[in-house]
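These notes are about the structure you will find just below.
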Amino acid sequence: MKRYYPIYDKRPDVLAVKEALRAYILPDYMNGYNDLHELLQDLEYETKYIVEPKDLGAFNRLWKNEPAKFVETIACEWCDMIADNMKMFVSISQEGKQ
């Protein structure tokens, strides 16, 4: 799947945020009841309750130093995971038709 990240995003804090989002944050939030806006609000105001301690520093630094990059990273990961899920559902539904 095509990702829309510039080379600039290879920094450790951005990579740590992406990994945490994919590993445990997005799976919890993509339950059909939450949306991207709620996730961004929760990460802004309740970070310590959502993010594991090992990733908390990266989230705080990225939010404090580059809030636009923070939001962009989360939004891109959210959209990429939706696209991945849609591809999976399409392939499953096509298997069922065969």
Side-chain angles (χ1 to χ4, degrees):
M1 166 166 239
K2 184 175 181 182
R3 305 286 182 195
Y4 298 97
Y5 303 117
I7 294 171
Y8 173 76
D9 284 351
K10 300 293 184 199
R11 294 170 300 145
D13 287 344
V14 175
L15 292 175
V17 168
K18 287 181 190 180
E19 289 173 14
L21 286 165
R22 282 279 171 166
Y24 60 90
I25 295 172
L26 290 179
D28 287 345
Y29 269 81
M30 294 185 134
N31 58 10
Y33 298 104
N34 297 312
D35 60 16
L36 177 58
H37 179 72
E38 290 173 317
L39 173 61
L40 288 169
Q41 279 189 320
D42 289 350
L43 285 172
E44 181 180 355
Y45 297 109
E46 301 177 14
T47 310
K48 66 182 179 181
Y49 302 113
I50 299 168
V51 178
E52 291 180 359
K54 67 180 178 71
D55 299 318
L56 196 54
F59 272 82
N60 289 336
R61 282 188 300 274
L62 192 58
W63 171 245
K64 181 180 177 185
N65 297 328
E66 297 182 78
K69 177 55 67 181
F70 179 81
V71 171
E72 176 190 8
T73 301
I74 294 165
C76 286
E77 286 298 320
W78 179 277
C79 292
D80 285 345
M81 186 167 271
I82 286 176
D84 290 346
N85 289 345
M86 290 174 69
K87 283 176 77 174
M88 179 186 62
F89 292 134
V90 167
S91 72
I92 290 171
S93 67
Q94 288 176 345
E95 288 174 8
K97 292 179 181 179
Q98 295 175 353

TODO: Indicate, with yes or no, if L21 and M86 share a hydrophobic cluster defined by side-chain heavy-atom contacts under 4.5 Å among Ile, Leu, Val, Met, Phe, Trp and Tyr.
DONE: yes
For this session: Salt-bridge test for D84 and R22: reply yes if a basic N is under 4.0 Å from a carboxylate O, no otherwise.
Result: yes
So CG of N31 and CG of L26: to nearest 0.5 Å the spacing works out to 11.5 Å
Open item on the list: Measuring only between side-chain heavy atoms, which start at C-beta, is V51 closer than 4.5 Å to N60?
Closed with: no
Side chains of D28 and N34, heavy atoms from C-beta outward: is any pair under 4.5 Å?
no
The reported gap from CG in L56 to NZ in K48 (rounded to nearest 0.5 angstrom) is 9.5 Å
When rounded to the nearest 0.5 Å, the distance separating CD of E72 from CD1 of I74 is 11.0 Å
Interatomic distance, CD@E77 vs CD1@I82, rounded to 0.5 Å, equals 11.5 Å
>> Would you say that L40 contacts W78 through its side chain, given a criterion of any heavy-atom pair below 4.5 Å between the two side chains?
In response: no
ask   = Does the side chain of Y24 reach to within under 4.5 Å of the side chain of D55, using non-hydrogen atoms?
value = yes
Inset, instruction - Report yes if some heavy atom in the side chain of R11 is under 4.5 Å from a heavy atom in the side chain of R61; otherwise report no. - result: no
Between the CD atom in Q41 and the CG atom in L36, the distance rounded to the nearest 0.5 Å is 10.5 Å
When rounded to the nearest 0.5 Å, the distance separating CG of D35 from CE of M30 is 10.5 Å
Contacts satisfying ring-ring contact (aromatic ring centres under 6.0 Å, His included) that involve residues 42-69 (not counting sequence neighbours) are W63-F70
Is it the case that more than 12 heavy atoms not belonging to K64 sit under 6.0 Å from its NZ atom? no
